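Here the structure is a predicted model, which means the values were calculated and not measured.
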Amino acid sequence: MSKIDFKEERIPRWQRIVDHAQATTNLFNNIPIKVKKDFRHPFFYIVFQSIDRKGNTRELSYNCFSEEEQNKTARKLAEHFNLEIEEITA
């Protein structure tokens, strides 16, 4: 009998974020509308916006820890949901 080592499974952070956004969209029957890149010093965030059944805007915010990871995650989310990427400027 072999033992499963869950530490060996290296799921990229961007994939976990895409999976979470998809699961949330499915669970609440939301319609994805936008992916935003946001920088709140010193952190890089991705904001995933969707509209719920009542027409309210819902946001999921994910910390990406680096600009490179933020760009990759934003691109993957935008590709997955067929959305545009918006830069938030403060």
Side-chain angles (χ1 to χ4, degrees):
M1 177 183 272
S2 64
K3 184 177 176 183
I4 298 173
D5 185 6
F6 289 105
K7 294 178 206 159
E8 272 309 305
E9 293 187 46
R10 304 260 186 231
I11 300 171
R13 183 168 175 74
W14 66 263
Q15 183 64 56
R16 288 183 290 185
I17 290 172
V18 170
D19 291 347
H20 183 264
Q22 182 65 59
T24 303
T25 301
N26 292 347
L27 181 64
F28 297 109
N29 199 23
N30 292 350
I31 300 168
I33 55 172
K34 196 179 298 181
V35 174
K36 297 179 182 180
K37 294 190 322 184
D38 188 11
F39 176 71
R40 297 176 222 154
H41 186 74
F43 301 108
F44 295 89
Y45 287 91
I46 294 294
V47 179
F48 176 75
Q49 277 190 333
S50 61
I51 298 177
D52 66 13
R53 288 178 248 167
K54 295 179 182 179
N56 300 319
T57 301
R58 300 291 181 195
E59 291 186 346
L60 297 172
S61 183
Y62 302 99
N63 187 345
C64 293
F65 304 112
S66 72
E67 188 173 13
E68 180 183 331
E69 186 177 336
Q70 180 193 46
N71 290 331
K72 181 190 290 186
T73 304
R75 192 175 65 253
K76 297 290 186 178
L77 267 172
E79 288 172 3
H80 182 79
F81 289 103
N82 196 25
L83 301 171
E84 296 294 319
I85 299 171
E86 180 182 311
E87 298 266 350
I88 298 176
T89 55

Any non-hydrogen side-chain atom of Phe48 less than 4.5 Å from a side-chain atom of Thr25?
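Side chain of Phe48 against side chain of Thr25, heavy atoms only: contact under 4.5 Å found.
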
Are any non-hydrogen side-chain atoms of Lys37 and Ile85 less than 4.5 angstrom apart?
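Yes, side chains in contact.
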
Measure the acute angle between the ring planes of Phe39 and Phe44, then classify it against the limits of 30° and 60° as parallel, tilted or perpendicular.
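The arrangement is tilted - the two ring planes meet at 30° to 60°.
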
Quick one: closest heavy-atom pair of [X] and [Y], and the distance?
X     : Y     : answer
Lys34 : Leu83 : N-CD1, 3.8 Å
Arg40 : Ser61 : NH2-OG, 3.6 Å
Ala74 : Ile46 : CB-CD1, 3.5 Å
Ala78 : Val35 : N-CG2, 4.1 Å

I'd like to check the side-chain contact (heavy atoms from CB on, under 4.5 Å) partners of Arg58; sequence neighbours left out, ordered by chain and number.
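With sequence neighbours excluded, Arg58 shows a side-chain contact (heavy atoms from CB on, under 4.5 Å) to Asn30, Ser50, Asp52, Asn56, given in chain and number order.
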
Once you round to the nearest 0.5 Å, how far does [atom1] of [X] lie from [atom2] of [Y]?
X     : Y     : atom1 : atom2 : value
Gln22 : Leu27 : CD    : CG    : 11.5 Å
Ile88 : Lys36 : CD1   : NZ    : 4.5 Å
Glu69 : Asn63 : CD    : CG    : 8.0 Å

I'd like to know if Trp14 and Val47 are part of one continuous hydrophobic network [Ile/Leu/Val/Met/Phe/Trp/Tyr, side-chain heavy atoms within less than 4.5 Å].
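Hydrophobic grouping puts Val47 apart from Trp14.
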
Is it the case that one hydrophobic cluster holds both Tyr45 and Ile17, taking links as side-chain heavy atoms less than 4.5 Å apart, direct or via other members?
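No, Tyr45 does not connect to Ile17 through the hydrophobic network.
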
Within a reach of under 6.0 Å around CD of Glu68, are more than 12 heavy atoms found that belong to other residues, nucleotides or ligands?
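Counting other residues, nucleotides and ligands, CD of Glu68 stays at 12 neighbours or fewer.
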
Donor-acceptor pair between Asn71 and Glu67 side chains, under 3.5 angstrom
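No, no side-chain donor-acceptor contact under 3.5 Å.
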
Examine distances only and state if a side-chain atom of Gln70 and a backbone atom of Phe43 form a donor-acceptor pair shorter than 3.5 Å.
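Such a contact is absent between Gln70 side chain and Phe43 backbone.
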
